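Below: the structure, in structure tokens.
Since the model is a prediction, treat every value here as computed from it, not as a measurement. Chain naming here is simple, since letters A, B, ... match the order of the sequence lines and numbering starts at 1 in each. Hydrogens, waters and symmetry mates are skipped; everything else that's a heavy atom, side chains included, is used.
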Protein chains: 2
Amino acid sequence: MIDIKHLKTIATLKDTGSLVNTARELFLTQSALSHQIKDLENKLDCQLFERKTQPVRFTPQGMLLLELANEVLPKVEATKCRLKESLNQPISQLRLSVECHACFHWLLPTIKEFNNFWPDIKIDYERGFSYDAIPDLLSDELDLVLTSDIREPDKLEYAHLFDFKLKLIVAPDHELAKKAYVTALDLKNETIISYPIPRERQDIFKHFIQNARFDGTLKNVDQGLLIFQLVSAGMGVAALPDWLVTPYESQGLIKSIPLGALGLTRPMYLAMKKDMKDNPVYRHFLNTCKLNNGR
Amino acid sequence: MIDIKHLKTIATLKDTGSLVNTARELFLTQSALSHQIKDLENKLDCQLFERKTQPVRFTPQGMLLLELANEVLPKVEATKCRLKESLNQPISQLRLSVECHACFHWLLPTIKEFNNFWPDIKIDYERGFSYDAIPDLLSDELDLVLTSDIREPDKLEYAHLFDFKLKLIVAPDHELAKKAYVTALDLKNETIISYPIPRERQDIFKHFIQNARFDGTLKNVDQGLLIFQLVSAGMGVAALPDWLVTPYESQGLIKSIPLGALGLTRPMYLAMKKDMKDNPVYRHFLNTCKLNNGR
DNA sequence: AACTAAACATGAACTAAACTCATAACCAAC
DNA sequence: GTTGGTTATGAGTTTAGTTCATGTTTAGTT
């Protein structure tokens, strides 16, 4: 129905002011355009512009299309441009750092899929992770950082990958297991098991317990699977992203509970230098992540 | 080349995972799609996805197109929807208030053009103007406000119309006329002529002189043309938007000078209630303003 | 390794859409 | 009314898109 061709016509018509000029600009005959627009007007069942003035005067409907054209055409051009670029790419390495341990669950398959298309691009994610990777990104020692927190938004581009819910996991016979959701108070005396990350950088403290009193203990474990086993054995509770939790919960190994009445939703971003945001390889990595999110 | 049709195909392919399913979804034969995509791939000179997996696996190039589709298709649908709405509109009145006197210069022709298409919609701009119109917009006594300042951004939608430059105008033989630009200090002892608006709401004070010392006098005039005559006669200086200044300057009646080395650029917004931002009549008024800006 | 079912590819024939050409109609300015 | 510009229209042609019938590929099964 509406076509990119039509948007081009409308946009050019706005610039040139008449059908004849538009025809010349688009390498078509005036007749072709006259037919084209008449057909479009018939299909949309409305008039798009008045032809008896110079320049032509757009109707409200014409302006809506013009507005659409102004939004869409630049995007189409940008994509065409990226397509060309993507076919000959000098990049050979992506140095990636991950702030969220649980991400490896979907990240490894994602990287594998990505490497199918860019076998020459080596992804180096073998960095320690309990550190702040943003400075390394700024100083060009890293290319990409997977993170939930936005820092230095002026210097870096944060591409939103997806949102996830942080859930509390407890043993099925834990007293909290019956609750529809937990409050910060409920956690006051619990043992919280987590990856070895400083407390102030853990989502559950930073965004849930916050200033509430916490008298329980913190236990660090560097093995993801171990967390589930410890929780299942009733040795403590843990806060993990929903995508990690779901498979274990459906096995009945643990029970998951929302943090707060509304649950705690957190975003996941891919941070990169601002000038890299249009790079086709980066975009491909981004898109691959999005398609594989939370599985 | 790239067509909306193609974007639909790609988007559906992502959802359904195979050509056969996509064909069924789009009411086409599998063969048609196979041809369609082959043609597209030939034109773009790249492969868009691997067909030998289930679901199909997109190449970097395919993902770029998919990304484009996700951006563009919703906009196209929204426009189609607005087009339909625009053809039968119950609105019969637009109550408009204008915070910038100088806007009448382009606003009156704009309204005339607008009324060509919506003869039944009466625009009521006959309100006093040296007052803050935003509260009336919030309390539903107004529909639209033309303003340069954003207030209450949570409750109102501010559609950007255009940017303009505020210029200082002086008599051609005025001592400032030789300068490439003026500083706040240059104005210290000048007589500033303006519309009858309180000093703290005048752009030249709010955004240029600011806290700098001003020992000159303020003269109020409620007639636009009179300002030019007074300035031309050397009775004072004035700050006005570029679109008003240009015609008089080319006649040699006055001389205009940028405010500050970089000039003083100001935006112009059309403020409305948030739920009105998709209304086709409002959009048409907005678009008409944009097309007539600063003339 | 052979078989099967499901998915995709291909070529020829057909259809519908889009374009051109020639010409007519229209409008504004002189 | 004539002129110089514009847009509209109808018939004929070209091109792009579709279907049909059939061939090929692939993953999964025995």
- Near-strand residues of residues 25-50 of chain B, defined as heavy-atom separation under 4.0 angstrom from DNA chain C: B:Gln30, B:Ser31, B:Ser34, B:His35, B:Lys38
- Query: Listed by chain and number, what are the side chain to side chain contact (heavy atoms under 4.5 Å, CB included) partners of A:Asp3, not counting sequence neighbours?
  - Reply: A:Lys5, A:His6, B:Asp3, B:Ile4
- Query: Who are the side chain to side chain contact (heavy atoms under 4.5 Å, CB included) partners of B:His160, not counting sequence neighbours?
  - Reply: B:Asp163, B:Pro267, B:Tyr269
- Message: Taking salt bridge (Lys or Arg N to Asp or Glu O under 4.0 Å) as the cut-off, I'd like each qualifying pair that reaches into residues 14-43 of chain A, sequence neighbours left out, listed once.
- Response: A:Glu41-A:Arg51
- Message: Counting C-beta onward and ignoring hydrogens, is there a side-chain heavy-atom pair between A:Phe49 and A:Pro55 closer than 4.5 Å?
- Response: no
- Item | Residues in salt bridge (charged side-chain N to carboxylate O under 4.0 Å, His left out) contact with B:Lys277, at least two apart in sequence or another chain | none
- Grab the two heavy atoms, one from A:Thr59 and one from A:Gln47, that are nearest each other, plus how far apart they are. OG1-O, 2.7 Å
- Task: Output all residues satisfying salt bridge (charged side-chain N to carboxylate O under 4.0 Å, His left out) with A:Glu77, sequence neighbours left out; order by chain, then residue number.
- Result: A:Lys80
- Report the distance from atom CG of B:Leu13 to atom C1' of C:dA7, rounded to the nearest whole Å. 12 Å
- Parsed dot-bracket for DNA chain D after applying the Watson-Crick and G-U rules with both distances under 3.5 Å and | for other-strand partners is ||||||||||||||||||||||||||||||
- Please report the shortest heavy-atom distance between B:Leu73 and B:Ala11, naming the atom on each side. CD1-CB, 3.9 Å
- Message: Run the side chain to side chain donor-acceptor pair (under 3.5 Å) test against B:Thr79 and tell me which residues pass, sequence neighbours left out.
- Response: none
Close N/O contacts between protein and nucleotides 24-30 of chain C (under 3.5 Å):
| from | atom 1 | to | atom 2 | distance (Å) |
| --- | --- | --- | --- | --- |
| C:dC27 | OP1 | A:Lys52 | NZ | 3.2 |

- Does B:Val281 reach the side chain of A:Pro60, with side-chain heavy atoms less than 4.5 Å apart? no
- Task: Grab the CZ-P distance between B:Arg24 and C:dC8 for me, whole Å please.
- Result: 11 Å
- B:Arg51 side chain N/O closer than 4.0 Å to the phosphate oxygens (OP1, OP2) of C:dA9? yes
- Atom NZ of A:Lys5 and atom C1' of C:dA18 are separated, to the nearest Å, by 6 Å
- Name the first nucleotide and the last nucleotide along DNA chain D (5' to 3') that come under 4.0 Å of a heavy atom in chain B. D:dG17 to D:dA27
- Residue pairs involving residues 244-254 of chain B (criterion side-chain hydrogen bond (donor to acceptor under 3.5 Å, both in side chains); sequence neighbours excluded): B:Glu249-B:Ser256
- Any idea which heavy atoms bring B:Ala69 and B:Pro74 closest together, and the distance? O-CD, 3.8 Å
- Under the side chain to side chain contact (heavy atoms under 4.5 Å, CB included) test, residues paired with A:Lys84 that sit two or more places apart: none
